[in-house]
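Letters A, B, ... are given to chains in the order of the sequence lines, protein chains preceding strands, and every chain is numbered from 1.
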Amino acid sequence: MSKKPVDQESQSDPDDLRTFEALSADRRKKRTVLEDHGINPYPSRYDRTATTGELHGRFEGLEADVFTGENARIAGRLISIRGHGKLVFLTLQDHAGTIQLLVQESKRSANAAIVLDLLDLGDWIGAEGEVITSRRGELSLDVVELTLLSKSLRPLPDKWHGLVETDTRYRQREVDLLANPESRRVFDIRFKAIAALRALMNQQNFIEVETPILQPQAGGALARPFFTHGNALDIELSLRIAPELYLKRLVVGGYERVFEIARNFRNEGIDTRHSPEFTSLEAYSAFGDFNDGMDLVEGMVLAAAEASIDSLEITVGQDRPINLAGPWPRRKLLDWIEELVGQRLHPSDPVENTRKVCDQFDVPYLPEWGSGKLIFELYDTILLSTITDPVFVCGFPVEVSPLARQSNDDPTMTDRFELCIDAKEFANGYSELNIPEEQQERFNTEAESAKRGDAEAHPVDAAYIRALEYGLPPTSGIGLGIDRLIMLLAGVDAIRDVILFPMMRPEAPH
RNA sequence: GCGCCUCUAGCUCAACGGCAGAGCAACGGACUCUUAAUCCGCAGGUUUCGGGUUCGAAUCCCGAGGGGCGCACCA
């Protein structure tokens, strides 16, 4: 053995390496030193007297270099340190925002000096002192006492760039939230919008209910479900794809106005606008029809916008301005299609004719689809993409609406609408089909397509038919896609940016 | 499912066939008004993983894994 390896060995002393392990070890070591000073790095509680938001609210507009004479105790995460020898500036972040701590050697306690010396970015701390403004005029706490509330053992992301990698942002949302203000902004919009929707529904006398997520048979929408197994009953269960059928059974039971903010699960593709797990708000209201549904949806979206962003002007992505100002136009689907393709189409048309139009516009189709489904495909591919500002598209073929009531003047069409904004569907609603025999027939038709291999056909639901036989009043039903609404309000393009913990492949073991 | 792109220090990014670098964070030091503080110093790497080509690979090729974006299905 030569001398060289010995030198290398001493240089690779773990204490000297600045690898992640060493960064973390530094912090553990500081924690130990704190304990040596008799300081508990994980105290059980802290009495704060104010939040950053309260302080900024109360003392906004003070001149520079003001001593208010008022003491405060605040708590939060340490996100920045700017040292000047005997004077140190800290930035503390709590749920409401940030505030500057000014720690002067001449003012701080002996304990505060020890804690200050052993702090790391990311630590949770409590600070007590006088509310002042700095010479530059920034509201600050002139710190007398510093308390460590919880030691952070991992280094924070770059304070300027934050956490950028989408993979890590989604997998470790807690880090994304603590490091990226933009991410917090998006979720604040989400929580405010949902709270506003709840408040609106309560105010309109809707009862909030909960219906099964584990169901013997998933219905209420056309989608592929997830399956699981229930051990106790030894049965196969589906995760719900929509709460619709159970909610209408509650209307049968006498709850005239019900709604549910429902997590739905669909075993389908993941992309920027689809998540296997997503949230919808469905509401059912006895004695109304689909026109009432449109009124309700418009009110919901406007209330959510007002509460969360206080604006009806939105820019989505880089450059897609949307104006939410109502009232929103209500346009008949068949009229609009006629404008786009240059001829009047109808579900009762011979299917060859409708196929010809689809060919003309490069809209692909399957041989078993009738004219109604083909018209819907034309809507989905060539009409939807032209929409920017909100519009209700009204009147959909029976063939693609197995749970909607037939129009009074046209048995091949239903009283159904979709709300479209920015080339996406946001809400769906209709006058509910409440004639048991007719519903049974619709189910039978769906069962036939299932037999032909359509994995998304609506299953026959005997319990639902039985419920209808007890009598469902005329009912207006709507479903609003919450995630897409939040995307719109926050102006983001990816559904995973509005879901706290989106579904990801499990992390690879190290 | 198919195609394209991507993975480099804890974080954000360079280097694109020729010694693996910077900023932030860290560590040591100076500093009582900074706020992306500043200044001096020091350190930090299995370039996602496994093969291959080459005198030489972060770089080129093949494969695996993670992620992203399109297309298809769906809301």
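Closest approach to the Thr272(A) side chain among rU35(B), rG70(B), rA75(B) is made by rG70(B) (side chain taken as heavy atoms from C-beta onward). Comparing rA36(B), rG10(B), rA75(B) by their closest approach to the side chain of Trp160(A) singles out rA36(B).
Contacts with RNA chain B (heavy atom under 4.0 Å) in residues 50-64 of chain A: none are found. Listed by residue number, Arg82(A), Gly83(A), His84(A), Gly85(A), Lys86(A), Leu87(A), Phe89(A) are the residues of residues 82-94 of chain A with a heavy-atom contact under 4.0 Å to RNA chain B.
A distance of about 22 Å separates the C1' atoms of rC61(B) and rA20(B), rounded to the whole Å. The gap from the C1' atom of rA25(B) to that of rG63(B) amounts to 36 Å, rounded to the nearest Å. To the nearest whole angstrom, the two C1' atoms, one in rA43(B) and one in rC33(B), are 31 Å apart. When the C1' atom is used for both rG10(B) and rA26(B), the distance is 9 Å, rounded to whole Å. Taking atom C1' in both rC31(B) and rC40(B), one finds a spacing of 12 Å when rounded to whole Å.
Here rA26(B) presents its P atom at 7 Å from CZ of Arg27(A), a figure rounded to the nearest Å. Atom P of nucleotide rC24(B) and atom CD1 of Ile81(A) are separated by 15 Å, given to the nearest angstrom. Computed from coordinates, the Leu23(A) CG to rG45(B) P distance equals 11 Å when rounded to whole Å. One interatomic measurement links the two molecules: CG of Leu141(A) to C1' of rC33(B), which rounds to 16 Å at whole-angstrom precision. Whole-Å rounding puts the Asp123(A) CG to rA26(B) C1' distance at 13 Å. In this structure, Leu156(A) atom CG and rU12(B) atom P are separated by 12 Å, rounded to whole Å. Note: CZ (Phe20(A)) to C1' (rU46(B)) measures 18 Å, nearest angstrom. The CG atom of Asp176(A) sits 15 Å away from the C1' atom of rU12(B) (whole-angstrom rounding).
For Lys30(A) and rC27(B), the shortest distance from a side-chain N or O to OP1 or OP2 is below 4.0 Å. Proximity of Arg136(A) to the phosphate of rC33(B): no side-chain N or O atom is located under 4.0 Å from OP1 or OP2. At least one side-chain nitrogen or oxygen of Arg171(A) sits closer than 4.0 Å to the OP1 or OP2 atom of rG67(B). At rG65(B), none of the side-chain N or O atoms of Arg505(A) fall inside 4.0 Å of OP1 or OP2 (strictly under the cut-off).
No side-chain donor-acceptor contact under 3.5 Å links Ser150(A) to the backbone of Trp124(A). Side chain of Asn180(A) to backbone of Ser183(A): no donor-acceptor contact under 3.5 angstrom is found.
Listed by chain and residue number, Arg171(A) satisfy the salt bridge (Lys or Arg N to Asp or Glu O under 4.0 Å) test with Asp167(A) (two or more places apart in sequence, or in another chain). Legend: residues meeting ring pair (Phe, Tyr, Trp, His ring centres under 6.0 Å) with Phe89(A), ordered by chain and number and at least two apart, are His84(A). Listed by chain and residue number, Phe392(A) satisfy the ring pair (Phe, Tyr, Trp, His ring centres under 6.0 Å) test with Trp328(A) (two or more places apart in sequence, or in another chain).
Screening residues 261-275 of chain A for salt bridge (Lys or Arg N to Asp or Glu O under 4.0 Å) gives Arg263(A)-Glu277(A) as the qualifying pairs, with residues at least two apart or on separate chains. Legend: salt bridge (Lys or Arg N to Asp or Glu O under 4.0 Å) pairs involving residues 112-134 of chain A, not counting sequence neighbours, sorted by first then second residue: Lys30(A)-Asp120(A), Arg73(A)-Glu128(A), Asp120(A)-Lys151(A), Asp123(A)-Lys151(A). Sorted by first and then second residue, the pairs that involve residues 359-373 of chain A and meet salt bridge (Lys or Arg N to Asp or Glu O under 4.0 Å), not counting sequence neighbours, are Lys373(A)-Glu377(A).
With respect to Glu260(A) and Arg240(A), a salt bridge is recorded, a charged nitrogen being found less than 4.0 Å from a carboxylate O. Ion pairing of Glu448(A) with Lys451(A) is absent here, as no side-chain N (NZ or NE/NH1/NH2) approaches a carboxylate O to less than 4.0 Å. A salt bridge links Glu244(A) to Lys248(A): one of the charged nitrogens lies within less than 4.0 Å of a carboxylate oxygen.
Residue contacts shown for Ser134(A) include a base, since a base heavy atom lies under 4.0 Å away. Phe426(A) comes within 4.0 angstrom of no nucleic acid atom, judged by non-hydrogen atoms across all strands. Residue contacts for Glu425(A): at a heavy-atom cut-off of 4.0 Å it reaches the sugar-phosphate backbone alone, with no base atom in range.
Judged by closest nucleotide on RNA chain B, Ser140(A) is the one of Met504(A) and Ser140(A) placed further toward the 5' end.
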Enumerate all atom pairs, one protein N or O and one N or O from nucleotides 19-23 of chain B, separated by less than 3.5 Å.
from: rG23(B); atom 1: N2; to: Asp158(A); atom 2: OD2; distance (Å): 2.6

Using the 3.5 Å cut-off, write out each protein N or O paired with an N or O of nucleotides 13-16 of chain B and the distance between them.
none

So which protein N/O to nucleotides 72-74 of chain B N/O distances come out below 3.5 Å?
from: rC73(B); atom 1: O2'; to: Glu456(A); atom 2: OE2; distance (Å): 3.3
from: rC73(B); atom 1: N4; to: Asp271(A); atom 2: OD2; distance (Å): 3.3
from: rC74(B); atom 1: O2'; to: Glu268(A); atom 2: OE1; distance (Å): 2.6
from: rC74(B); atom 1: O2; to: His274(A); atom 2: ND1; distance (Å): 3.2
from: rC74(B); atom 1: O2; to: His274(A); atom 2: NE2; distance (Å): 2.2
from: rC74(B); atom 1: N3; to: His274(A); atom 2: ND1; distance (Å): 2.9
from: rC74(B); atom 1: N3; to: His274(A); atom 2: NE2; distance (Å): 2.2

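Other residues, nucleotides and ligands contribute over 12 non-hydrogen atoms within 6.0 Å of the CZ atom of Arg320(A).
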Hey, mind stepping through Arg442(A) and Ser401(A) against side chain to side chain donor-acceptor pair (under 3.5 Å) and telling me if it holds? CA-CA 9 Å; Arg442(A) 302 271 190 96; Ser401(A) 316; over 6 Å; no
### Task
Report the C-alpha distance between Asp26(A) and Lys29(A) in whole Å, list the side-chain angles of each, state the deciding distance to 0.1 Å, and finish with yes or no for salt bridge (charged side-chain N to carboxylate O under 4.0 Å, His left out).
CA-CA 5 Å; Asp26(A) 279 341; Lys29(A) 199 171 167 185; over 6 Å; no
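Rounding to the nearest 0.5 Å gives a distance of 7.0 Å between CG of Leu178(A) and CD of Gln93(A).
Paired runs in RNA chain B that reach 3 or more consecutive Watson-Crick or G-U pairs, where each pair keeps both distances under 3.5 Å, cover B:1-7 with B:65-71, B:10-13 with B:21-24, B:27-30 with B:38-41, B:48-52 with B:60-64.
Put simply, the side chain of Glu138(A) and the base of rU35(B) share a donor and an acceptor less than 3.5 Å apart.
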